[in-house]
Asks: 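Sharing a structure with you now.
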There are 2 protein chains.
Amino acid sequence: MGRRNDHNPEEFNELVLTQVEEFLTHLPASQLSLRKVAKMIGYAPSTLIHTYKNWSMLLLKVNARTLDRLMATLTPLEQKFTDPEQRLYAIAEAYCAFACKQPHLWTLVFEHKLPAGMDIPDWMQHRINQLFSLVANCLTGMNSQVNAEQTLLSANTLWASVHGITLLALDDKLSLNTNTNPNEMLVDLLDNYLLAWKSAQGEKR
Amino acid sequence: MGRRNDHNPEEFNELVLTQVEEFLTHLPASQLSLRKVAKMIGYAPSTLIHTYKNWSMLLLKVNARTLDRLMATLTPLEQKFTDPEQRLYAIAEAYCAFACKQPHLWTLVFEHKLPAGMDIPDWMQHRINQLFSLVANCLTGMNSQVNAEQTLLSANTLWASVHGITLLALDDKLSLNTNTNPNEMLVDLLDNYLLAWKSAQGEKR
DNA sequence: TTGAAATATTGAACACCGTTCGATAAAAGT
DNA sequence: ACTTTTATCGAACGGTGTTCAATATTTCAA
């Protein structure tokens, strides 16, 4: 017992997250447990609880890192595509590509539920807002005649739709066996939705 | 021990599903367990496993009933709306309304994961196909100039998008605090997507 | 330098969970 | 009347997240 003679909170956290991420690149979150993580890093389960408060919070930290990684793949597109429409396509594609490359990490982000009563921490909400802004900014740059309220609605609609398409691509529950390519669906969505949106004259239909 | 003198497989199944559904109209599936169901119906846990093979299969039976209920709210729309476009709007709205009225039942359908290796039974896939057909049929009736392949793609896209919007409406994880009305988003999606789709001349852009 | 406070870490216990299995009682079939 | 099938159970198993008192180490102050 007692303290290890080389303890460093930052390193400890890094050790935990790294091991969890390594696990989730191979196996789904349903097979992960606090006790397994403890064994992987060579600590007792109760030590993990002491530092993360509970299992759910540990997972939330993992999810925050995942969103950071996702953000890191999306931000370069801001410079690469000055045309907001092209950028929106690129973002949607990159988002889906990320989800397909790291399905377990991505799935965990959206399946994870906080314990009842506890609501989402600011540092997590902030990351989500950042991602959402990428989409919203594209729309703002595309048709300046659409008012802010409608733009926000459209951003929500597209955000949710892209999410839904990606979700069905990963585990095609409730989908037909016709394994439709997710990218094809994303392009189809944007093609159709944006065509009407761009020509909107600032009026809701 | 031994057999109850009034045993009837059909009644037993009905008892179980009824109790589970009653539970899920009040509390989320995360709080439900096989042992609780056993206690609710006054049987031993192992009895439930004996009849349903495992916990996952019991939940799948619940989900099948949920899809039946959902289907029952959608099929009347087939007669009520002869115009396929209006019908599509009505279906999307009813779908979302159902999800909002029975969030725990609906959520369970799409969060439930089968054990690895075991794939979805025919009687479940059949129900999903039925629901999907409702959407596909609307599209088929709307623009006969679009080929079958493109129609299938569009049906997939809309299906997934409506699903994503509904999902975000229920637990607005990854959503902004701006609690956008899900019906507003659905109408927005269909307005924009269909406007372009209807005017497509059988050619992919 | 000594003593007190804070911190890190543990192992044992707890209350759950889904599942397995042998025993047993009642029904059904011959 | 006897056998087979079926329904049901209780006990056990290995798993889960969490609590908590105990302990060892470091930190800090007097």
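Just so we're on the same page: letters track the sequence lines, and every chain starts at 1. Values in this document were obtained by computation on a predicted structure and should not be read as measured data.
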Asks: For the backbone of B/Asp191 and the side chain of B/Tyr89, can you confirm whether one donor and one acceptor N or O come within less than 3.5 Å of each other?
Replies: yes

Asks: Heavy atoms from C-beta onward define the side chain here; which of C/dT10, D/dA7, D/dC9 lies closest to that of B/His50?
Replies: D/dA7

Asks: Does the plane of the ring in A/Tyr95 sit parallel, tilted or perpendicular to the ring in A/Phe110? Use 30° and 60° as the thresholds.
Replies: tilted

Asks: Between atom CD1 in A/Ile41 and atom P in C/dA8, what is the gap in whole Å?
Replies: 14 Å

Asks: Scan nucleotides 13-19 of chain C nucleotide by nucleotide, 5' to 3', and note B when protein non-hydrogen atoms come under 4.0 Å of the base, S if they reach only the sugar-phosphate, - if neither.
Replies: B---BBB

Asks: For A/Leu194 and A/Met142: C-alpha separation, side-chain torsions, deciding distance, then whether side-chain contact (heavy atoms from CB on, under 4.5 Å) applies.
Replies: CA-CA 9 Å; A/Leu194 293 181; A/Met142 277 177 60; 3.9 Å; yes

Asks: If I take atom NZ in residue A/Lys39 and atom C1' in nucleotide C/dG11, what distance separates them, rounded to the nearest angstrom?
Replies: 14 Å

Asks: Quick check: does any side chain N or O of A/Asn192 sit under 3.5 Å from a backbone N or O of A/Asp188, one acting as donor and the other as acceptor?
Replies: yes

Asks: Answer yes if the side chains of A/Gln150 and A/Ser154 hold a donor-acceptor pair under 3.5 Å, and no otherwise.
Replies: yes

Asks: Roughly how many Å is it from CG in B/Leu48 to P in C/dT20, rounded to a whole number?
Replies: 14 Å

Asks: Please identify which of these residues, B/Lys53, B/Arg65, B/His112, meets the side-chain contact (heavy atoms from CB on, under 4.5 Å) condition with B/Leu60.
Replies: B/His112

Asks: Could you tell me the separation between the OH atom of B/Tyr43 and the P atom of D/dC9, rounded to a whole number of Å?
Replies: 7 Å

